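A quick write-up on the structure given underneath.
None of the values given here were measured: they were computed from a predicted structure. Every number for a ligand or one of its atoms is a count from 1 in the order of the listing. All residue numbers refer to positions in the sequence shown, counting from 1.
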Amino acid sequence: MLFQMKPRFLPTFTFTVCALAALYLISISCTNRHLIFPASEFFYPLLKSTPFSTHKISDPPQATHSRTNLSHLVFGLIGSEKAWHHRKAYIESWWRPNVTRGYLFFDKAPSPGLLPWPETSPPYRVSDDLTELLNKSDIRAQRMVHGIMEVLREVEYENFRWLVMGDDDSIFFVDNIVDVLATYDHTKYYYLGGNSEFILSNYLFSFNQAFGGGGIILSYPLAKALARDMENCLKRYVFLNSADNTTRACIADIGANLSPQKGNHQIDFRGDISGLLSSHPLSPLLSLHHFDMVEPIFPSTDRFESTGRLMEAAAADQSRMLQQTICHHRQSNWSFSVSWGYSAQIYERIMPRSYLQMPVETFKPWIRTPRPPNYLFNTRRPSRDPCEAPHAFFFESVERKTESDEILTSYSRAWPRDLPACSSSGNHSADFIQRIQVFSPAMKRNQVRSLKYCYC
Ligand SMILES: *[C@@H]1O[C@H](CO)[C@@H](O)[C@H](O)[C@H]1NC(C)=O
Ligand SMILES: *[C@@H]1O[C@H](CO)[C@@H](O)[C@H](O)[C@H]1NC(C)=O
Ligand SMILES: *[C@@H]1O[C@H](CO)[C@@H](O)[C@H](O)[C@H]1NC(C)=O
Ligand SMILES: *[C@@H]1O[C@H](CO)[C@@H](O)[C@H](O)[C@H]1NC(C)=O
Ligand SMILES: *[C@@H]1O[C@H](CO)[C@@H](O)[C@H](O)[C@H]1NC(C)=O
Ligand SMILES: *[C@@H]1O[C@H](CO)[C@@H](O)[C@H](O)[C@H]1NC(C)=O
């Protein structure tokens, strides 16, 4: 690593981390997917016991082995007319007009204030009214599940391979989704998505379920099978009041199960999620959700500014987003942790990587619980011990260095740590450092196969 020492008396001190090696030290490991079994004949009598939906769903495309790209994905976003007024910015932060395909489904027609409909938003549709079909007045959950069929009804793209269902406050990282989906066979049944981070949510709904805010990703043949059986499925599980749970139940009846993804985030937390985003698993970031429910993710910003800032980094390189690099500076006994495009920390002692990979519990659980465990991962407790508390830096800017073919991200100090130096590791205070710069190659993370460590 490059250690650009500048005199200590300069007003801003910049620490340059050449994070080259470690960022791709652990290259994308999306090979641990689970085999999904084809539709079980066993369930066919059940599926056929009541009439099929009358909506015509086209046949799946011919299997083709060209690499999956964004044009093969169709998005189905389920929103409410009321919430759209303030949630629009979340979707528009990642939606690419004329490039991403799909529809936004509203519970009712948009009010005049939302019209004319902007080109920057996904085209909208109004969901079918299911109250009569299901003889039920509260059809909120069923509307979302039925959305799967309604998207398929709209699209007749010949190259359609994957359906990505989300909420009106789901933020998707579409390039990473494409990269992950490209490793799966789209002609088989696949049901991908993430668990809730909060143990109790999984316990109450299912540990085997994709939580919809983080995205429910279905291969075309599975989406089609689900759409074909949609009305029966909704009737079969009409007593369930959760869309995600109903979707899981219907998919299980077809014969498929969840292939969990570590990059889909339901974000079932409250408060400050910076601890989680600073120790993300080394898996491509696919989605973030519940931005209305948590504090803005960058200091001194509102929710939309912080979404926009995150997307600035994502525009430069999605493959490295939130990927954690840890390295040590032996001369001062410091540990660096960088979450690319989001944050950086300096700890004033040498800490093992396995330790720094555990998120600091800056957040609160979704629902107050009497005692841990709350999360599907281990955490570190926030601390005011000078040997434990980090100096916190947050992503500020990104720059492409064409001459060296690198991307430079800068992270600036969020607040003074306001603690003495860690004396047991030599009293090397990092108080004077104001900014950390990280150089990474202008090449996708998964294309770099180096096994060197980053060395400070
Ligand atoms: C995506 O793949 C299809 C082949 O299935 C190809 O025709 C198309 O040009 C590709 N699109 C992009 C943007 O690469
Ligand atoms: C999308 O495509 C249409 C027709 O090709 C074009 O008129 C419009 O300007 C495009 N919109 C954007 C935002 O690129
Ligand atoms: C609809 O529900 C009501 C009460 O929940 C019930 O009385 C009625 O028989 C149901 N109708 C049908 C067609 O199932
Ligand atoms: C989820 O579905 C299962 C049946 O598959 C049911 O036992 C469970 O109660 C449901 N959970 C919720 C919260 O609806
Ligand atoms: C670190 O500094 C503190 C107070 O400034 C002092 O008491 C301690 O002895 C120092 N430790 C080392 C290892 O230099
Ligand atoms: C680093 O910390 C160890 C104790 O953990 C100490 O023995 C060593 O002298 C320190 N090195 C420096 C350069 O301060």
- request: For H290, check ring-ring contact (aromatic ring centres under 6.0 Å, His included) against everything at least two apart and list the hits.
  value: W366
task: Please confirm whether R380 makes a cation-pi placement over Y355, using NZ or CZ under 6.0 Å from the six-membered ring centre and within 45° of the ring normal.
output: yes
message: Please list, in number order, the atoms of ligand 2 under 4.0 Å from a heavy atom of P97.
response: 13 (C)
message: I'd like to check whether R330 has a polar contact with ligand 6, where a contact means an N/O of the residue lying under 3.5 Å from an N/O of the ligand.
response: no
message: For atom 11 (N) of ligand 3, what's the nearest protein heavy-atom neighbour? Residue, atom name and distance, please.
response: N135 ND2, 2.6 Å
statement: Which of T68, T100, V174, L163 passes side-chain contact (heavy atoms from CB on, under 4.5 Å) with L73? Answer is T68
- request: Specify the protein heavy atom at minimum distance from atom 2 (O) of ligand 6: its residue, its atom name, and the distance to 0.1 Å.
  value: N333 ND2, 2.3 Å
message: Tell me which one of R320, K444, R96, R445 satisfies salt bridge (charged side-chain N to carboxylate O under 4.0 Å, His left out) with D175.
response: R96
query: Can you find a protein heavy atom closer to atom 4 (C) of ligand 2 than 4.0 Å?
result: no
- request: Would you please say whether a donor-acceptor pair under 3.5 Å links the side chains of S71 and N69?
  value: yes
statement: In this structure, atom 9 (O) of ligand 2 is nearest to the protein heavy atom E119 OE1, 3.7 Å
- prompt: Below 4.0 angstrom, N of the basic side chain to O of the carboxylate: do R125 and E154 qualify?
  reply: yes
message: Does this structure show an ion pair linking R67 with D179, if we count only N-O contacts that are shorter than 4.0 Å?
response: yes
query: Relative to the heavy atoms of S425, which atoms of ligand 6 are at a distance of less than 4.0 Å?
result: 1 (C), 2 (O), 10 (C), 14 (O)
task: Would you verify that at least one protein heavy atom lies under 4.0 Å from atom 7 (O) of ligand 6, or report that none does?
output: no
field: Test item: side-chain donor near acceptor, R143 and S80, under 3.5 Å
entry: no
query: Should the proximity of S332 to ligand 6, defined as any heavy atom under 4.0 Å, be assigned to the side chain, the backbone, both, or neither?
result: neither
- request: For H428, counting its heavy atoms only, list the atoms of ligand 6 lying under 4.0 Å from any of them.
  value: 12 (C), 13 (C), 14 (O)
message: Students should be able to answer this: which protein heavy-atom is nearest to atom 10 (C) of ligand 2, and at what distance?
response: N98 ND2, 2.4 Å
query: Out of curiosity, is R349 lining ligand 6, as in a heavy atom under 4.0 Å away?
result: no
query: What residue and atom, counting heavy atoms only, is the protein's closest point to atom 13 (C) of ligand 6, and at what distance?
result: Q331 O, 3.5 Å
task: Could you tell me whether D385 and R349 have a side-chain N and a carboxylate O separated by less than 4.0 Å?
output: no
